[in-house]
Chemist: 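Got a structure for you, questions after.
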Number of protein chains: 2
Amino acid sequence: MTASLIRKLENFTRLSTADKLALGEAVVATRNLDPGESACHEGDPVRALHLVEDGWACDYRQLENGGRQIVAFRLPGDLCGTSASVLAAADCTRVALTRLTVHELSPARIEEIAAARPRLRRALRWDEQVGASILREWLVSLGRRDGLERLAHLLCELYHRQRAVGLAEGGACPMPVTQEILAAALGQTSVHINRTLQTLRACGLVTLRNRRLTVPDLAAVEVVAGFSPAYLHLGRAGAHLDALPSEI
Amino acid sequence: MTASLIRKLENFTRLSTADKLALGEAVVATRNLDPGESACHEGDPVRALHLVEDGWACDYRQLENGGRQIVAFRLPGDLCGTSASVLAAADCTRVALTRLTVHELSPARIEEIAAARPRLRRALRWDEQVGASILREWLVSLGRRDGLERLAHLLCELYHRQRAVGLAEGGACPMPVTQEILAAALGQTSVHINRTLQTLRACGLVTLRNRRLTVPDLAAVEVVAGFSPAYLHLGRAGAHLDALPSEI
DNA sequence: CGTGATATTGAATGCAATCAAGCTCCGTGG
DNA sequence: CCACGGAGCTTGATTGCATTCAATATCACG
């Protein structure tokens, strides 16, 4: 039930069977949403944390002037706002981009579990920090990368993040987003995204069809994007905390 | 020694005397830096957390193409990367913008202290979440606000953040940044910042001189910026955790 | 009073937004 | 099977904000 999250956390440290089971115990409900349905609204009190089981969602902020900025994509295995429970109100809206299955976790239960399990606690904090690191990288994209780099960079990120949970393989992965959505994430218009996408395609770097991304040569796209995967911190930095073979 | 941080945290919940003293026990060293000196470098292993005591710093990422993007301003009372210790390497460089005094805190000590003090633990998590919220708001600025809104928004934020630690009063506060620095934070050039600043000045909205900001009418600037302070979460959302009068 | 950093101004260029129209694909229902 | 409708994609023309380059002015400080 929490397989993707576990798989992701094991990019940091190897969990024990007990750790893995403990995670599932925090789940208090599971919801299914249709594309366009929202899981929570900006300004609402935070009750539960979301763990994406299947499908994609995104978090966005809506401005008075009509603009909309996506601040995060939520993929399978993503745990949203580990400690958001201390904030009085959600500061963005979470909406499903595809058919979506999310678990709702009790903040109190998570806290108990984390208190009892140092390895798991560190893994969750690692995940949270990686989230902040991704946000900083987005900021760099919006601030300092041009259209081509920006789009290529996002595609690289989404590919790597999916590979970390086993959803990308052999240069292809799901990419269930419209050009409109990409534009809302990259601070541009869908028209411009369209043109940028065409040049990427013309160079034979990526193809984006049927809600799937194909990258024949990932390294080449990474060069165009100025992408370096360090900020995703997938290098098993917590290996010294690994569970013993006997615990797994 | 940790007065600004304490003052900031008390925008969330009232701490006990014991909580306040405990914070100071995590300090293992104190450093003084000159403007332009860096406290840590992108890629370096993370040894200590920084608590800004006095002066300003900023975190930035340097790109191959020469661009530089500031991802955070660090003001007095700011605790940088509460759990960054789980990451193998820092993902940005921290440089002093003024004469700067920072305390270095031991991650392990912080963890011990947090484990023993639920109220303090929550307050620190609140601070961390507020940091993430600020980052999201910056993303919205870079993605969806034009030059004028962007600059006005940043100035409002820096004013409010300083007010939360008692450094802003009566429409004026320190603002020890060059136009170059503002440009590096807002994803623009210093030339354009200069022009934007001039229109803000021409409207009588702000004056920025001698490294100080003066805003005769904060509310008016907030309207121009589309600024709403909710994302700073300064509303004492943790009041139910407040220390009893007898503990203070 | 001199020097380097910071700020200001002007002119030319360019990237991306905007507006508007048409196209393609796909699911639905007659 | 085809007509229809809608969402998403593509294209063109125009506009505008911000960059770039370059020169000059001002300020802070020794």
Side-chain angles (χ1 to χ4, degrees), chain A residues 34-37 56 58 63 65-70 95-99 141-154 175-202 206-213 224, chain B residues 34-37 56 58 63 65-70 95-99 141-155 174-202 206-213 224:
Chain A
D34 285 324
E37 262 190 280
W56 283 35
C58 70
L63 278 78
N65 63 13
R68 182 167 80 130
Q69 178 64 44
I70 291 176
V95 64
L97 294 173
T98 65
R99 195 110 229 297
S141 274
L142 294 210
R144 296 292 160 196
R145 291 194 243 261
D146 66 25
L148 201 69
E149 297 171 318
R150 220 183 271 197
L151 179 55
H153 199 280
L154 179 60
M175 193 60 59
V177 292
T178 62
Q179 297 181 356
E180 196 84 42
I181 294 292
L182 290 173
L186 296 177
Q188 295 178 312
T189 58
S190 62
V191 173
H192 195 246
I193 291 291
N194 180 284
R195 292 178 167 136
T196 308
L197 214 39
Q198 286 180 48
T199 52
L200 280 178
R201 236 181 339 227
V206 308
T207 60
L208 191 47
R209 265 184 31 222
N210 290 335
R211 328 210 103 205
R212 277 190 75 77
L213 170 73
V224 168
Chain B
D34 285 323
E37 264 192 279
W56 284 36
C58 71
L63 279 78
N65 63 12
R68 180 168 82 131
Q69 177 65 43
I70 291 175
V95 65
L97 293 173
T98 66
R99 195 108 231 297
S141 274
L142 294 210
R144 295 293 161 198
R145 291 195 243 260
D146 66 24
L148 201 70
E149 297 170 319
R150 221 184 270 197
L151 179 54
H153 199 281
L154 179 60
L155 296 178
M175 192 61 58
V177 291
T178 63
Q179 297 180 358
E180 196 84 42
I181 294 292
L182 290 172
L186 296 177
Q188 295 178 312
T189 58
S190 62
V191 173
H192 194 245
I193 291 291
N194 181 283
R195 290 174 171 140
T196 309
L197 213 39
Q198 285 180 48
T199 53
L200 279 178
R201 239 187 330 234
V206 310
T207 60
L208 191 47
R209 263 182 34 219
N210 290 335
R211 330 210 102 204
R212 277 190 75 77
L213 171 74
V224 168

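A note on names: the letters A, B, ... follow the listed sequences, proteins ahead of strands, and every chain is numbered from 1.
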Chemist: Starting at atom CZ of Arg209(B), determine the distance to atom P of dT8(C), rounded to an integer number of angstrom.
Modeler: 11 Å
Chemist: Look up atom CD in Gln179(B) and atom OG1 in Thr196(B), then write down how far apart they are to the nearest 0.5 Å.
Modeler: 9.5 Å
Chemist: Please report the interatomic distance OG1(Thr189(B)) to CD(Glu180(B)), rounded to the nearest 0.5 Å.
Modeler: 9.0 Å
Chemist: Classify Gly67(A) by what it touches in the nucleic acid, base, sugar-phosphate, or nothing, heavy-atom distance under 4.0 Å.
Modeler: nothing
Chemist: Examine dT18(C): is either OP1 or OP2 under 4.0 Å from a nitrogen or oxygen in the side chain of Thr189(A)? Give yes or no.
Modeler: no
Chemist: Reading nucleotides 25-30 of chain D 5' to 3', which nucleotides get B (base under 4.0 Å from a protein heavy atom), which S (sugar-phosphate only), which -?
Modeler: ---S--
Chemist: Less than 4.5 Å apart, any side-chain heavy atom of Leu97(B) and any of Cys58(B)?
Modeler: yes
Chemist: With rounding to the nearest 0.5 Å, note down the distance linking OG1 in Thr207(B) to CG in Leu213(B).
Modeler: 7.0 Å
Chemist: Within this structure, what is the CZ-CG distance for the pair Arg68(A) and Leu63(A), rounded to the nearest 0.5 Å?
Modeler: 11.5 Å
Chemist: Tell me, with the steps shown, if Asn194(A) and Gln198(A) meet side chain to side chain contact (heavy atoms under 4.5 Å, CB included).
Modeler: CA-CA 6 Å; Asn194(A) 180 284; Gln198(A) 286 180 48; 2.4 Å; yes
Chemist: In whole Å, I'd like the distance from the NE2 atom of His192(A) to the C1' atom of dC15(C).
Modeler: 6 Å
Chemist: Return the value, rounded to whole Å, for the distance between atom CD1 of Ile193(B) and atom P of dT20(D).
Modeler: 13 Å
Chemist: Could you check whether any side-chain heavy atom of Leu148(A) comes within less than 4.5 Å of a side-chain heavy atom of His153(A), counting everything from C-beta outward?
Modeler: no
Chemist: Rounded to the nearest Å, what distance is computed from the CD atom of residue Gln188(A) to the C1' atom of nucleotide dC17(D)?
Modeler: 14 Å
Chemist: Would the distance check show the side chain of Asn210(B) and the main-chain N or O of Arg212(B) forming a donor-acceptor pair, the cut-off being under 3.5 Å?
Modeler: no
Chemist: So if I take residues 141-152 of chain A and measure heavy-atom distances to DNA chain C, which residues fall below 4.0 Å?
Modeler: Asp146(A), Gly147(A)
Chemist: With rounding to the nearest 0.5 angstrom, report the CD1 to CG distance, Ile193(A) to Leu186(A).
Modeler: 4.5 Å
Chemist: Tell me which one of Leu182(A), Leu200(A), Leu151(A) satisfies side chain to side chain contact (heavy atoms under 4.5 Å, CB included) with Leu208(A).
Modeler: Leu182(A)
Chemist: How far does CE of Met175(B) sit from CZ of Arg209(B), to the nearest 0.5 angstrom?
Modeler: 15.0 Å
Chemist: Contact class for Gly187(B) (heavy atom, under 4.0 Å): base, sugar-phosphate, or nothing?
Modeler: sugar-phosphate
Chemist: At under 4.0 Å between heavy atoms, which parts of nucleotides 5-12 of chain D does protein reach? Answer with one letter per nucleotide, 5' to 3': B base, S sugar-phosphate only, - none.
Modeler: ---SSBBB
